Protein chains: 4
Amino acid sequence: MANRHGARNTEELIYRAAVGLMAARGYHGTTLRDVARAVSLQMSSIYYYFPSKQELLLAVMRRTTRDLRAAVEPPISAAGSVRERLGAGIRAHVLFHADRRLETLVTDSEIRALEGEGREEITALRDAYGDLFREVLETGLQEGVFSFEDSHVATNALMTMCAGVAVWYRPDGHTSLSRIADQLTHLYLDGVTASPPRQA
Amino acid sequence: MANRHGARNTEELIYRAAVGLMAARGYHGTTLRDVARAVSLQMSSIYYYFPSKQELLLAVMRRTTRDLRAAVEPPISAAGSVRERLGAGIRAHVLFHADRRLETLVTDSEIRALEGEGREEITALRDAYGDLFREVLETGLQEGVFSFEDSHVATNALMTMCAGVAVWYRPDGHTSLSRIADQLTHLYLDGVTASPPRQA
Amino acid sequence: MANRHGARNTEELIYRAAVGLMAARGYHGTTLRDVARAVSLQMSSIYYYFPSKQELLLAVMRRTTRDLRAAVEPPISAAGSVRERLGAGIRAHVLFHADRRLETLVTDSEIRALEGEGREEITALRDAYGDLFREVLETGLQEGVFSFEDSHVATNALMTMCAGVAVWYRPDGHTSLSRIADQLTHLYLDGVTASPPRQA
Amino acid sequence: MANRHGARNTEELIYRAAVGLMAARGYHGTTLRDVARAVSLQMSSIYYYFPSKQELLLAVMRRTTRDLRAAVEPPISAAGSVRERLGAGIRAHVLFHADRRLETLVTDSEIRALEGEGREEITALRDAYGDLFREVLETGLQEGVFSFEDSHVATNALMTMCAGVAVWYRPDGHTSLSRIADQLTHLYLDGVTASPPRQA
DNA sequence: GATGAATGAGGTTTCATTCAT
DNA sequence: TATGAATGAAACCTCATTCAT
């Protein structure tokens with residue numbers, strides 16, 4: 001174990017350097033030279049671990065997308081009511097986006113940089129992930145717990161609002177992660193309108 | 001008038017081609033060769049209108065950011081109550097993002113591609129724009145109309161949720177633009193929770 | 001008459017701007033854009049006066065080379081003894097190089113930038129000019145007034161030493177032009193060795 | 001050993017090709033394509049050895065300027081009288097300029113092509129080198145061995161006259177290098193005037 | 001496991017030049 | 001006289017990639 005995140009080998013170091021750079025500059029704005037320099041390696045050495053720049057991006061996308069699903073699905077399943085399931089989902093989704101900020105940033109914004117089959121593969125994974133939330137929302141709609149016009153609009157709004165966390169969240173900020181997750185959950189469930197009127 | 005949007009000159013055509021390509025592939029993923037080809041010009045001719053690729057991007061960002069503010073500020077000012085002002089702001093913001101989808105896509109996602117002073121300039125404009133909404137939200141909080149913990153979280157959530165429209169909105173979709181704006185306004189104001197419980 | 005040197009027209013202004021820039025940066029280091037900017041004209045306007053960049057350079061070379069000969073030949077012819085003829089030649093040569101510093105700088109150092117016939121033309125003029133001095137030197141050698149091994153070495157040394165004036169002379173310097181000419185004449189005729197020993 | 005000058009590696013070959021081309025056409029008149037073609041390499045390969053065209057020029061300037069000093073300083077120091085020291089200096093200076101003709105040609109004529117710090121660096125080295133001769137000349141003046149009005153004029157005349165060798169010297173010429181050095185030394189020390197009058 | 005050397009395609013940009021107006 | 005708009009070649013440089021070692 002080389003550091004607190006448990007990097008064990010060079011491949012992992014390259015992966016992380018790539019993630020950091022691509023999050024900051026985008027896929028096309030990141031050169032393998034940058035990545036190599038960041039890990040004190042020669043550019044050609046990267047090819048020992050990843051067959052191409054594309055595959056490096058794909059590796060990031062695959063791992064992140066799968067980990068995201070693995071982090072969000074269980075809490076949704078474990079929760080009881082639709083409302084609780086949605087809340088659990090949002091919370092896990094937000095926490096993941098904040099915790100693995102750089103990876104989700106890359107994953108959310110560089111799908112367009114994927115070529116050929118890679119793009120299809122990741123797009124499919126993304127769509128399947130979105131279904132997790134759409135299903136909860138639609139169930140809630142049928143149960144009369146939720147109210148909205150178009151489930152696609154509602155799902156997309158949810159996903160982009162929460163994914164935005166990776167854009168603006170700063171680990172050194174004054175608001176704790178858990179509180180942010182709570183706020184977003186509340187916001188999506190009940191809006192910004194003050195609750196008093198409800199109890200009237 | 002050269003086309004339905006009213007392009008009159010070459011500079012405008014280059015601008016639009018650049019916007020289209022950068023929206024699809026990002027700044028670094030777009031080459032001036034692509035842009036030139038799209039307007040049936042030599043690459044060198046682009047330099048007659050824009051001194052560099054950076055300046056071309058900057059031109060897009062400047063125009064879009066200013067137009068956005070010009071589109072959103074008046075409705076907010078014109079509206080009465082905080083609730084109405086927020087609704088008017090969201091609606092104008094969403095409509096602009098859907099109407100000028102490609103430009104806002106570029107403007108929202110390529111700030112990182114800006115260099116030096118250009119970045120500072122646009123960042124300042126963006127921040128000032130965000131204040132428009134933060135002010136409304138904070139006023140509503142003081143008046144007891146709105147309820148949220150952190151105005152930055154609330155503002156960021158609002159901005160990213162609405163800006164997301166440019167990402168997923170398709171002009172050929174089945175849901176009308178106005179309806180989408182309504183839905184997002186409602187969503188942000190009251191959440192997905194069905195209203196009946198409120199009146200209980 | 002537009003200024004103290006008598007520039008009357010745009011062609012002359014272009015000529016001078018080109019001379020100044022080429023003296024500073026060389027032919028290949030000077031762009032027509034630079035020249036145009038210096039005379040507040042559009043690049044394309046230069047072509048009304050000169051058919052090409054090459055011809056502009058050629059114009060400088062032709063005029064300068066001819067003026068140089070016209071300035072140096074008469075004094076040599078007018079003088080009496082070989083020693084006096086050589087002195088008069090050096091003096092005129094040096095004064096011309098200092099007086100028309102920028103033009104001679106370009107003319108002396110950019111022959112290599114000339115293409116095709118232009119190069120031959122100017123080279124021939126240059127060689128003919130050099131003969132002026134070689135002839136004087138050889139005459140002096142035959143008369144026993146001068147002493148040197150190889151007339152080419154002697155001529156070349158003379159020409160480069162004097163042409164060097166254009167390189168290091170600054171009009172604002174503390175040493176007057178006439179004094180510089182005197183010193184170089186003396187140097188070439190009698191060397192740096194102090195004369196007293198001679199009279200011993 | 002790849003050729004008679006002892007080139008051992010690619011970097012050296014590039015260096016020499018650049019020197020040859022820049023000597024013939026100047027820095028701005030030489031393209032890296034030319035250099036690459038001369039060494040049968042791809043243009044991009046040049047960048048493996050030199051980070052930019054500027055750095056390539058700078059490498060030439062640095063090496064040549066330092067070698068020049070290393071070649072000229074010892075003979076001056078080793079010699080006895082001022083006259084002998086000046087003679088030794090001129091001889092070494094001339095021999096170096098003839099021996100490394102192309103490099104000195106580039107170094108003497110392309111300082112203007114240097115940008116930023118590089119220019120300052122080389123200019124400083126050049127000035128320090130010139131001081132070597134000025135000091136000898138001034139010492140000779142104080143000792144009454146030499147006679148001239150202005151040491152700067154005398155130094156400049158010396159430097160340009162000798163540096164001229166690199167311009168007109170051709171290795172295949174009929175006059176031996178050593179004889180040329182002798183002639184220039186004699187010329188500078190005693191001028192072209194025949195010596196008999198001295199003994200009169 | 002890693003590197004040094006080389007590649008070839010392609011990037012942005014600049015250049016001299018043209019020509020209708 | 002002078003310009004605005006466009007060109008096409010070529011400039012410098014960077015990129016992802018390969019491969020023998």
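Keep in mind that what you see is a predicted model, and the values were worked out from it rather than measured. What's counted below: heavy atoms across the whole structure, side chains too, no hydrogens, waters or symmetry copies.
- Look at F:dA20: its Watson-Crick or wobble partner, with both distances under 3.5 angstrom, is E:dT3.
- Taking atom CG of residue C:Leu13 and atom P of nucleotide F:dT1, one finds them 13 Å apart after rounding to whole Å.
- Contact detail for A:Val39 and A:Ala17: the closest heavy-atom pair is CG1-CB, 3.7 Å.
- Atom-to-atom, CD1 of D:Ile14 to P of E:dG4 comes out at 17 Å; the value is rounded to the nearest Å.
- Close to F:dG8, at under 4.0 Å from its OP1 or OP2, lies a side-chain N or O of B:Gln42.
- Between the CD atom of C:Glu11 and the P atom of F:dT1 there is a distance of 10 Å, given to the nearest Å.
- Checking side-chain atoms of D:Thr65 against main-chain N and O of D:Leu125 turns up no donor-acceptor pair under 3.5 Å.
- Taking atom CG on A:Asp34 and atom P on F:dT14, their separation rounds to 12 Å, with Å as the unit.
- Within the structure, every side-chain polar atom (N or O) of B:Tyr48 is placed at least 4.0 Å from both OP1 and OP2 of F:dA6.
- D:Ile46 has its CD1 atom 12 Å from the P atom of E:dA6, to the nearest Å.
- Rounded to whole angstrom, the span from the CZ atom of C:Arg37 across to the C1' atom of F:dT3 amounts to 16 Å.
- Using modelled atom types, one side-chain atom of D:Thr104 and one backbone atom of D:Arg100 make a donor-acceptor pair closer than 3.5 Å.
- Applying the 4.0 Å criterion to OP1 and OP2 of E:dG1, one finds that A:Ser45 has every side-chain N and O outside that range.
- Atom CZ in D:Arg25 sits about 14 Å away from atom P in F:dA10, given to the nearest Å.
- Within the structure, every side-chain polar atom (N or O) of D:Thr10 is placed at least 4.0 Å from both OP1 and OP2 of E:dA5.
- Geometric assessment of C:Arg112 against the ring of C:Tyr27 yields a negative cation-pi assignment under the 6.0 Å and 45° thresholds.
- When only modelled atom types and interatomic distance are considered, B:Tyr15 and B:Glu103 share a side-chain donor-acceptor pair under 3.5 Å.
- Put simply, CG on A:Leu41 is 10 Å from P on E:dG4, counting in whole angstrom units.
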Seminar exercise, completed: Protein-proximity profile, nucleotides 16-21 of chain F, B/S/- by nucleotide at the 4.0 Å heavy-atom cutoff, equals SBBB--
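- Across all strands shown, F:dC13 forms a Watson-Crick or G-U wobble pair with E:dG10, both key distances being under 3.5 Å.
- Residue C:Leu114 comes nearest to C:Gly118 through the heavy atom pair CD1-O, 3.9 Å, listed as atom of the first residue, atom of the second, then distance.
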Exercise. For B:Asp34 and B:Thr31, what are the C-alpha separation, side-chain angles and deciding distance, and is it a side chain to side chain donor-acceptor pair (under 3.5 Å)?
Worked result: CA-CA 5 Å; B:Asp34 296 334; B:Thr31 76; 3.2 Å; yes
